[in-house]
Peer 1: 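Below is one structure. I have some questions about it.
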Amino acid sequence: MWNELLYAFDAVATLPNFLAMFAGIWAGVIIGAIPGMTGTMAVTLALPFTFYLPPVTSILLLVALYKGSTYGGSISAILIKTPGTASAACTVLDGYPLARAGKGGKALNMALISSCIGDFISNISLFFLAIPLAAFALRIGPPEFFMLMAFSLTIVASISGRSLVLGILSACFGLLLATVGEDIYGSYRFALSEDMKSGLGMVPVLIGLFALPELIKIIVFRPEDNTQALKLGDNRLTLSEFRGSLKSICRGSLIGVILGAIPGIGPSTAAFFSYSEARRTSKNGDKFGEGELEGVAASESANNGACGATMIPLMALGVPGDVITGVMLGAFMIHGLTPGPLLFQNNIGEVYALFIGILFSSVFLFIAGKITANAFTKISRIPQTLLLPCILILCVYGIYSIGASPFDVTVLLVMGVVGFIMMLLNIPAAPFLIAFILGPMFEDNMRRSLAISRGDLGVFFQSWISWGFFILTVLFVTLTIRREWKKWREKRAAATASAS
Amino acid sequence: MNQNRDFYAGLVGTLFFAIILFILIPIYVKVPSFIPGFAPPPDMWPRVVAIIGLVMGITAVGLAFPKMREASRNQVTSLGSRICSHKTLIIRFVGVVAVFAAFVFGMPFVGFVPATILLLAVLFMMTGNFERKFWMIGLSVIFPVLLYLLFTEVTHTPFPEGSLFF
């Protein structure tokens, strides 16, 4: 094995491979930072170029693009409240308030460091745990998926802010919008027009809900400070700040690795799951959503942690977990490599070379991220009255380019108006966001499980994995009810005391 | 203020989910005559969500109502008087919605690039800050054109050219 590893290291450590990885990561970071341009788009666009490259260099280029775009999404999420990718949607919750408070530089640094650590842990796990993690992932069927999603949805309680009732109301709105379009059995729901048959795109809905209300707010209220640029403040991340978030970074990376290894989950869910766990366990949990560095760290470590792990089912089983790994499966096949158990027998040299190359990518991610984030911070010097209309136009172009559909642009604008109304009514947007992302997975797996079991609810309690998530869900719901009850009693006691 | 907002949020939520549950689901979520196996029908999940949303909306109204009664009369203002006192803000908001609607409906006629140039120029004007007039004029034209070049060259996106000109 060691001889093969040394041979693989020798094969990977070449200038063309390093150049391909660095270029891929850099391009990925820039593409990810542009709202509407996704990692899938970057990987698909690069695929034709890989025809002329050796197999290992090609796959390294595509993986680098994927990792770069996942991190790049956080830059626009932090600086302009516009998640460049869906997996960065969770980063907006604390990243933008930090930028508003003059700590944008710190938030960007924390996002970069936690992304690199998450990425590195993910790469190590790909190296050592590919086979056992793939075997575990195979045990996750629709009932276990459903229980996992149910547990993830309990995060709504912790990100509802002032009112739990309004938080659940917002989540219901998100769950309902996620049902628009064709369901798993081919029935159309809420297809008010022909375009709605294919459902509402995730990117237009998310960008519309987060980025546009800021612009509408400036136009409607015309606040005094709207001509001022954001102050980035002190960019340096102190050791104590990093140490304070280290636990969340490590936990987030592991969550990313485990959830990323399960086909179909992806970085977005991992980010929310990690954020939720960080909020539950952190001593600063109450400050999450108001600008907490730990929130950025939890979300970013998990989404980058999931990136490398999505390669696990692809390489070990030949199962692509999402669209990007689906494109990569095509790239493997084009170059005569067939992912699956036989890959480790027939092409072990290439496999080791890929593992070693991917390990280097964390270092390249740090360098490219540092350079690009510093360049992007100049955006914050532009006054809001100039910046926000330009962001809208950028979003319009980016979103139109995803599917060449004017309907997506309409969804973006409508969701902007809806987001503004929600902001006026103090209805929190974060529960909507998580419900909209997790809703389809929750429903599909519930319906699949019930179809498999012919309507028997016992299907949800047949494995220890399901039981584990069920117990965690019940525990968390009970704790939330207890907390709300306590809060209500304290308020009542305070009111009685002030009246007397 | 918050009591009022909670009340209106609950009211909007209640109305929205009532419309979904009693009007839109019966019309727009068709249940097929044959469902294979024991798969739940397509309207099951939207109904469950709409019922929970409706209950939450009513709860929000119910929780806000006693607080509103407890608060002083000055604090609890009717919707009508609130609209009158914020007339300018409402006109601006309606203006934004009108501009967005004009973009969506006008874009197929004037083309994507001219429509985005117009949209950007109008939005700059609507911010009410004319300190950087030259920047606004320059950006209105250059920025959409640069984006058009970027997306047509890199992603080969075919943007609509507009039926009025072609």
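Proteins get letters first, then strands, A, B, ... in listed order; numbering begins at 1 in each. Bear in mind that the values here come from a model prediction, so they are computed numbers and not experimental data.
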Peer 1: Below 4.5 Å, heavy-atom pairs only: which of A:Val417, A:Leu192, A:Ile216, A:Ile184 has the largest tally toward chain B?
Peer 2: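 Result: the option with the highest number of such pairs is A:Leu192.
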Peer 1: Please look at A:Leu177 and chain B and tell me whether the side chain, the backbone, both or neither of the residue comes under 4.5 angstrom of a heavy atom of that chain.
Peer 2: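 For A:Leu177, no heavy atom lies under 4.5 Å from chain B.
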Peer 1: Please give me the minimum heavy-atom distance between A:Leu169 and B:Ala9, naming the atom from each residue.
Peer 2: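 Between these two residues, the closest heavy atoms are CD2-O, 3.9 Å.
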Peer 1: Would you compute the distance between atom OG1 of A:Thr385 and atom CZ of B:Arg132 and round it to the nearest 0.5 angstrom?
Peer 2: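 The OG1 atom of A:Thr385 sits 6.0 Å away from the CZ atom of B:Arg132.
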Peer 1: Could you check whether atom CZ of B:Phe105 has more than 12 heavy atoms from other residues, nucleotides or ligands sitting under 6.0 Å from it?
Peer 2: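 Not more than 12 within 6.0 Å, no.
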Peer 1: Is there a side-chain contact (heavy atoms from CB on, under 4.5 Å) between B:Tyr8 and A:Leu424 once you walk through the steps?
Peer 2: CA-CA 10 Å; B:Tyr8 292 130; A:Leu424 284 185; over 6 Å; no
Peer 1: For B:Tyr28 and A:Tyr188: C-alpha separation, side-chain torsions, deciding distance, then whether ring-ring contact (aromatic ring centres under 6.0 Å, His included) applies.
Peer 2: CA-CA 8 Å; B:Tyr28 288 105; A:Tyr188 291 111; over 10 Å; no
Peer 1: Is it the side chain or the backbone of A:Leu176 that comes within 4.5 Å of chain B heavy atoms, both, or neither?
Peer 2: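 Both parts, backbone and side chain.
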Peer 1: Out of curiosity, A:Cys390 SG to B:Leu139 CG, how far, rounded to the nearest 0.5 Å?
Peer 2: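 The CG atom of B:Leu139 is 4.5 Å from SG of A:Cys390, to the nearest 0.5 Å.
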Peer 1: Which heavy atom of B:Pro41 sits nearest a heavy atom of A:Arg447, and at what distance?
Peer 2: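 Smallest heavy-atom distance, with atoms named: C-NH2, 3.8 Å.
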Peer 1: Can you tell me which portion of B:Pro160 sits under 4.5 Å from chain A's heavy atoms? Options are side chain, backbone, both or neither.
Peer 2: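 Contact with chain A is through both the backbone and side chain of B:Pro160.
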Peer 1: Against chain A, label B:Ile25 side chain, backbone, both or neither, depending on which of its atoms sit under 4.5 Å from a heavy atom there.
Peer 2: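 Both parts, heavy atoms under 4.5 Å.
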Peer 1: Quick one, A:Pro383 and B:Glu131 - any side-chain contact, counting heavy atoms below 4.5 Å?
Peer 2: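 Answer no - side chains too far apart.
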Peer 1: Under 4.5 Å between any side-chain heavy atoms of B:Lys30 and A:Ser187, yes or no?
Peer 2: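 Answer no - side chains too far apart.
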Peer 1: With chain A, which of B:Tyr148, B:Phe103, B:Phe112 has the greatest number of heavy-atom pairs at distances under 4.5 Å?
Peer 2: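 Highest number of heavy-atom pairs under 4.5 Å: B:Phe112.
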Peer 1: For B:Phe16, is it the side chain, the backbone, both or neither that has a heavy atom under 4.5 Å from a heavy atom of chain A?
Peer 2: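 For B:Phe16, the side chain is the part near chain A, not the backbone.
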Peer 1: If you take all heavy atoms of A:Gly398 and B:Phe151, which pair is closest and at what distance?
Peer 2: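 Here A:Gly398 and B:Phe151 meet closest at CA-CZ, 3.7 Å.
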Peer 1: Is B:Val113 close to A:Tyr397 at the side-chain level, that is, under 4.5 Å between some pair of heavy atoms?
Peer 2: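 When only atoms from C-beta onward are counted, B:Val113 and A:Tyr397 do touch, with a gap below 4.5 Å.
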Peer 1: Kindly indicate whether the side chain of B:Thr127, heavy atoms from C-beta on, has any atom under 4.5 Å from the side chain of A:Arg222.
Peer 2: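 Heavy-atom side-chain distance check fails, nothing below 4.5 Å.
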Peer 1: Under 4.5 Å from any heavy atom of chain A, what part of B:Val55 do you find: side chain, backbone, both or neither?
Peer 2: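 It is neither, since no heavy atom gets under 4.5 Å.
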Peer 1: With chain A as the partner, which of B:Leu89, B:Leu147, B:Val104 has the greatest number of non-hydrogen pairs under 4.5 Å?
Peer 2: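 If we count pairs closer than 4.5 Å to chain A, B:Leu147 comes out on top.
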Peer 1: Which atoms of B:Val49 come close to chain A, meaning under 4.5 Å heavy atom to heavy atom: side chain ones, backbone ones, both, or neither?
Peer 2: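 For B:Val49, heavy atoms of backbone and side chain both lie under 4.5 Å from chain A.
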Peer 1: Could you grab the distance from atom CG of A:Leu166 to atom CG of B:Leu63, nearest 0.5 Å is fine?
Peer 2: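 Between atom CG of A:Leu166 and atom CG of B:Leu63 there are 9.0 Å.
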Peer 1: So which part of A:Ile393 gets closer than 4.5 Å to some heavy atom of chain B, the side chain, the backbone, both or neither?
Peer 2: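 When you check distances to chain B, atoms from both the backbone and side chain of A:Ile393 fall under 4.5 Å.
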Peer 1: Side chain, backbone, both or neither: which part of A:Thr410 has a heavy atom under 4.5 Å from chain B?
Peer 2: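 Looking at A:Thr410, backbone and side chain both touch chain B.
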Peer 1: Which distance, rounded to the nearest 0.5 Å, do you find between the CD1 of A:Ile168 and the CE of B:Met56?
Peer 2: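 Output value for this atom pair is 4.5 Å.
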Peer 1: To the nearest 0.5 Å, what is the distance between CG on A:Leu425 and CG on B:Leu11?
Peer 2: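 Those atoms lie 10.0 Å apart.
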Peer 1: Going by distance alone, is a donor N or O of one side chain under 3.5 Å from an acceptor N or O of the other, for B:Thr157 and A:Tyr400?
Peer 2: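 Not at all, the side chains of B:Thr157 and A:Tyr400 share no donor-acceptor pair under 3.5 Å.
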Peer 1: With only heavy atoms counted, which part of B:Phe17 is less than 4.5 Å from chain A, the side chain, the backbone, both or neither?
Peer 2: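 Side chain only.
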Peer 1: Side chain, backbone, both or neither: which part of A:Met446 has a non-hydrogen atom closer than 4.5 Å to chain B?
Peer 2: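 For A:Met446, side-chain heavy atoms alone lie under 4.5 Å from chain B.
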Peer 1: Using a 3.5 Å distance criterion without hydrogens, assess whether the side chain of A:Arg189 forms a donor-acceptor pair with backbone atoms of B:Asp43.
Peer 2: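 Looks like no, no N/O pair under 3.5 Å.
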Peer 1: Give me the atom names and distance for the closest heavy-atom approach of B:Ile52 to A:Cys172.
Peer 2: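 For B:Ile52 and A:Cys172, the tightest heavy-atom pair comes out as CG2-SG, 3.7 Å.
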Peer 1: When rounded to the nearest 0.5 angstrom, what distance separates CG in A:Leu413 from CG in B:Leu119?
Peer 2: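 Those atoms lie 7.5 Å apart.
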Peer 1: Ignoring hydrogens, what is the shortest heavy-atom contact between A:Asn426 and B:Arg5? Give both atom names and the distance.
Peer 2: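 Shortest heavy-atom contact: OD1-NH1, 3.1 Å.
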Peer 1: At a 4.5 Å cut-off on heavy atoms, which part of B:Val122 comes close to chain A: side chain, backbone, both, or neither?
Peer 2: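 The answer is neither part of B:Val122.
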Peer 1: Within the 4.5 Å heavy-atom criterion, are B:Phe100 and A:Leu392 side-chain neighbours or not?
Peer 2: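 Yes, at least one pair of side-chain atoms sits under 4.5 Å.
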Peer 1: Which answer fits A:Val220, side chain, backbone, both or neither, if we ask what part of it has an atom under 4.5 Å from a heavy atom of chain B?
Peer 2: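 Both parts, heavy atoms under 4.5 Å.
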Peer 1: Is it the side chain or the backbone of A:Phe420 that comes within 4.5 Å of chain B heavy atoms, both, or neither?
Peer 2: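 Just its side chain gets close to chain B.
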Peer 1: Are B:Phe93 and A:Ile421 packed together at the side-chain level, in the sense that at least one heavy-atom pair is separated by less than 4.5 angstrom?
Peer 2: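 Side-chain contact under 4.5 Å: yes.
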Peer 1: Measure distances from A:Leu215 to the heavy atoms of chain B and classify the residue's part below 4.5 Å as side chain, backbone, both or neither.
Peer 2: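 Side chain only.
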Peer 1: Between B:Leu24 and chain A, with a heavy-atom cut-off of 4.5 Å, which part of the residue counts as in contact: side chain, backbone, both or neither?
Peer 2: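 B:Leu24 touches chain A through backbone and side-chain heavy atoms alike.
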Peer 1: Would you mind checking which part of A:Ile452 comes under 4.5 Å of any heavy atom in chain B, side chain (CB onward), backbone (N, CA, C, O), both or neither?
Peer 2: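 Interface part for A:Ile452: neither.
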